[in-house]
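Positions are given from 1 along the sequence.
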Amino acid sequence: MRESRETQRQLRERARRFEAEDNRRQHRIRRRKKKKSNKLPLVIAALVIAAIAVILLGNVIMEELGSSRERQDIASYFDLTSPDDNVLIINGERSEEKAMIQNGTVYLPIRVANSLYDNFYYDSIEGHLLVTGATRTTEGVQGSDYIPGDTVYISLAFLNRFCPMSYEIYEEPYRIVIATTAMNTEKIGIADDTVMRVSADKKSPILYDLEKGAAPELLESGENWSRVRYQAVDGYVENKALDGNRTAMTVSLSGGNEADADYQRILRQHKIVMGFHNIAVADANAYFADATANVKGMNVIAPTWLSMSDNEGHLNDIGSAEYVNRAHEKGYEVWAVVDNFSPDMDSNEVLSRTSARAVLEQELIERAKTYGLDGINIDFEQLKGETGDDFAQFLRELSILTRANGLVLSVDNYVPQDYTGFYRRDIQGRVADYVVIMGYDEHTMASNEAGSVASLGFVTQGIEDTLKEVPAAQVINAIPFYTRKWAFEEGVLSCESLGMTDARAFLADNGVQASWDAETCQNYASFEKNGVLYSIWLEDAESISSKLAVMASHDLGGVACWKLTQETPDIWDMITTYYPVGQ
């Protein structure tokens, strides 16, 4: 029994020792785990710091020695601000205009289309897009050939039917590259895969990856880098990536198959000497003999017979077949004048509608046939700037008819000024036969000051400015057979138009002798009578001679005179000196 108790004590003691040893072992394990957990953040932190150091060191090395992998966005390169934005490059120059892209089709603003082929016209009232050449008019189809709106857009494909060109279209972003002249380019081969950068520097951003075998356009060669153009983008490539093979190429043009033939102008082999015959009523046709009694050397007479009468394009007409016959008997051609002076019509209303223009054009041709005319003279004055395109289209359309009927088409113009540029003398010079400068009215009541009707400087400038747009052989300068008598009384300025004979009589009646003014190249007089200050710049043989000399020096197509019956007989002697009959 005692042994049993002893044995039990031993067993308990042994169990306590095992338990104590186990506790010590568990304590040691917990201490080791705690030490490890305390060191882990430090280890991780050390690893992170090391990694950052490696990256920073790599960047420093790359910055100093390596090549940048930064890429330049092409849209940003062109300063494009939206996905719909695009770049239009024409004959190597970036345009300020933008194309319209619809369903992958490129449309150009009509202004741009006309800068490449100046024959497009849009009738916004009746909805016609017209392309008028020398012999015919083609109408575009809305939706495919053009898109109407505040700005009309012409499809590139429709334009190409009339205008020879080459073009490339690149996407993302859209770049439309157009050439209308054949240009020589040089291609350079790429020997190894490389990159095109913004500038000649490895640290410069990348524009494009160029694969081996690519052939960008070579713009300029340098010592280590060459400037190239790829997909309308200019950049730089290292020379070591080039294969040295250069290929000269000429950009060929295509299309233009529907471009009309060249304009065949009806120009006379001799100089034109034209006299305007101002006829206000039909009965005045009977004064043909009186109007031409003192005339020498004239070969064209232009009676003011026709005038637009309403907004549908119809004409008032006081023409006479007998008048034409008598003119022909004297060796004169007859170019009937049509004007827009009627108060019962609106020039803009007529010219801006295709249907009204057609009526006007057909009636002009009918009158020409009825009277046996040799030509038509257009005298549309005081047009509004907004009517410029309509007026140009009218002349294009009318010129087709006049050429087909053998009629000379001439157009009267103011002396060129900035505010009359919309008359488009450049288009007139292309579609009409003669462009007439109304080389007078330098000073009118609208000038608010007294002055010459046509000083030599004014006339000379008008001729030189017109010749910038119209060939000299087509230019006729009109000289005045009149002057203005100016009167200044009690602060009020007034004037009266006088023919040459009446102007001479005015001075003679007042016992005044005019003297030569070298600045205007006219005889000038100024005097006071009964509290009125009079001044006058005479048109006479001397002033006309000065003008004719300038015209002859520029070898113009001829002279016109406004208007018959206001000249003195000696003027014709002067005109025939510069423009001999038949020459």
Side-chain angles (χ1 to χ4, degrees), residues 273-280 284 287 290-298 300-304 337 339 341 377 379 381-382 412-415 436-460 462-463 476-488 493-510 512 514 516-517 520-526 534-548 550-551 558-575 578:
V273 179
M274 178 167 66
F276 286 102
H277 187 190
N278 190 30
I279 298 176
Y287 295 101
D290 295 332
T292 59
N294 297 317
V295 170
K296 297 178 184 177
M298 188 173 74
V300 176
I301 192 167
T304 57
V337 179
D339 65 47
F341 302 160
N377 175 261
D379 185 22
E381 300 184 26
Q382 296 185 351
D412 300 338
N413 288 268
Y414 300 111
V415 167
V436 182
I437 308 170
M438 296 184 291
Y440 37 76
D441 279 351
E442 178 181 3
H443 290 87
T444 67
M445 275 304 300
S447 306
N448 295 318
E449 64 176 1
S452 168
V453 164
S455 68
L456 187 63
F458 172 80
V459 171
T460 302
I463 291 171
I476 297 172
N477 186 69
I479 56 178
F481 282 172
Y482 70 97
T483 189
R484 286 190 170 88
K485 176 185 72 176
W486 297 89
F488 188 74
L493 181 68
S494 61
C495 69
E496 178 185 357
S497 179
L498 300 176
M500 292 180 175
T501 299
D502 290 340
R504 288 181 180 179
F506 167 69
L507 293 181
D509 291 345
N510 287 280
V512 175
W516 185 252
D517 176 33
T520 60
C521 287
Q522 292 173 290
N523 284 303
Y524 166 74
S526 178
Y534 294 100
S535 55
I536 189 168
W537 287 260
L538 294 176
E539 291 295 352
D540 52 25
E542 289 181 277
S543 70
I544 295 299
S545 176
S546 297
K547 296 174 178 57
L548 291 170
V550 169
M551 294 159 60
V559 59
C561 312
W562 179 267
K563 58 186 178 173
L564 296 178
T565 73
Q566 288 193 312
E567 78 279 16
T568 52
D570 57 340
I571 296 301
W572 292 107
D573 295 325
M574 189 60 63
I575 290 175
Y578 288 93

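- Listed by chain and residue number, Ser307 satisfy the side-chain hydrogen bond (donor to acceptor under 3.5 Å, both in side chains) test with Asp339 (two or more places apart in sequence, or in another chain).
- A donor-acceptor pair is defined here as one N or O able to donate and one able to accept, closer than 3.5 Å; no such pair exists between the side chain of Arg484 and the backbone of Ser452.
- The shortest heavy-atom contact between Ser546 and Leu456 is O-CD1, 3.6 Å.
- Without hydrogens or angle criteria, Thr444 side chain to Ala446 main chain gives a donor-acceptor distance under 3.5 Å.
- With no hydrogens or angles considered, a side-chain donor-acceptor pair links Asn523 and Asp540 at under 3.5 Å.
- A donor-acceptor pair is defined here as one N or O able to donate and one able to accept, closer than 3.5 Å; such a pair exists between the side chain of Tyr414 and the backbone of Gln382.
- Residues Ile463 and Met551 meet the side-chain proximity criterion, which asks for heavy atoms closer than 4.5 Å.
- Other residues, nucleotides and ligands contribute more than 12 heavy atoms inside 6.0 Å of the CZ atom of Phe506.
- One side chain, Glu442 or Ser455, offers a donor N or O that lies under 3.5 Å from an acceptor on the other.
- Not a single donor-acceptor pair under 3.5 Å links the side chain of Ser545 to the backbone N or O of Ala541.
- Atoms CD and CG, on Glu381 and Asp412 in that order, are 7.5 Å from each other to the nearest 0.5 Å.
- With a 4.5 Å cut-off on side-chain heavy atoms, Met500 and Ile544 count as touching.
- Between Lys485 and Leu498 the shortest side-chain heavy-atom distance falls below 4.5 Å.
- Going from atom CG of Leu548 over to atom OH of Tyr578 covers 6.5 Å, rounded to the nearest 0.5 Å.
- For the pair Trp486 (side chain) and Ser494 (backbone), a donor-acceptor distance under 3.5 Å is absent.
- Side-chain atoms of His443 and Glu449, non-hydrogen and from C-beta on, do get closer than 4.5 Å to each other.
- Proximity of Val273 to Val300: side-chain heavy atoms (C-beta onward) are nowhere separated by under 4.5 Å.
- Taking 4.5 Å as the limit, every side-chain heavy atom of Asp379 sits out of range of all side-chain heavy atoms of Phe276.
- Here Lys547 does not pair with Glu542 in a salt bridge; the nearest charged N to carboxylate O distance is not below 4.0 Å.
- The CE atom of Met445 lies 5.0 Å from the CG atom of Leu493; values are rounded to the nearest 0.5 Å.
- Across all non-hydrogen atoms, the minimal contact from Val415 to Gly439 is CG2-CA, 3.9 Å.
- Counting heavy atoms from C-beta outward, Val550 and Val459 have side chains that stay 4.5 Å or more apart.
- No donor-acceptor pair closer than 3.5 Å links the side chain of His277 to the backbone N or O of Ala302.
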In residues 476-483, what donor-acceptor pairs under 3.5 Å come from side-chain atoms, sequence neighbours left out?
unit_1, atom_1, unit_2, atom_2, d
Tyr482, OH, Asp441, OD1, 2.6
Thr483, OG1, Trp537, O, 2.5

Practice item. Decide yes or no on side chain to side chain contact (heavy atoms under 4.5 Å, CB included) for Asn413 and Val436, but give the supporting numbers first. Key: CA-CA 6 Å; Asn413 288 268; Val436 182; 5.8 Å; no
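- In this structure, OH in Tyr440 is found 9.5 Å from SG in Cys561, a value given to the nearest 0.5 Å.
- For the atom pair OG1 of Thr292 and CD1 of Ile301, the computed distance is 6.0 Å after rounding to the nearest 0.5 Å.
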**Study point:** Lys296 vs Ile575, side chain to side chain contact (heavy atoms under 4.5 Å, CB included): CA-CA, chis, key distance, verdict
**Key:** CA-CA 8 Å; Lys296 297 178 184 177; Ile575 290 175; over 6 Å; no
When the side chains of residues 562-570 are checked against the rest of the protein, which donor-acceptor pairs come out under 3.5 Å, sequence neighbours left out?
unit_1, atom_1, unit_2, atom_2, d
Glu567, OE1, Thr565, N, 2.9
Glu567, OE2, Trp572, NE1, 2.9
Thr568, OG1, Asp570, OD1, 2.5
Asp570, OD2, Arg504, NH2, 3.4

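- Counting heavy atoms from C-beta outward, Val337 and Asn377 have side chains that approach closer than 4.5 Å.
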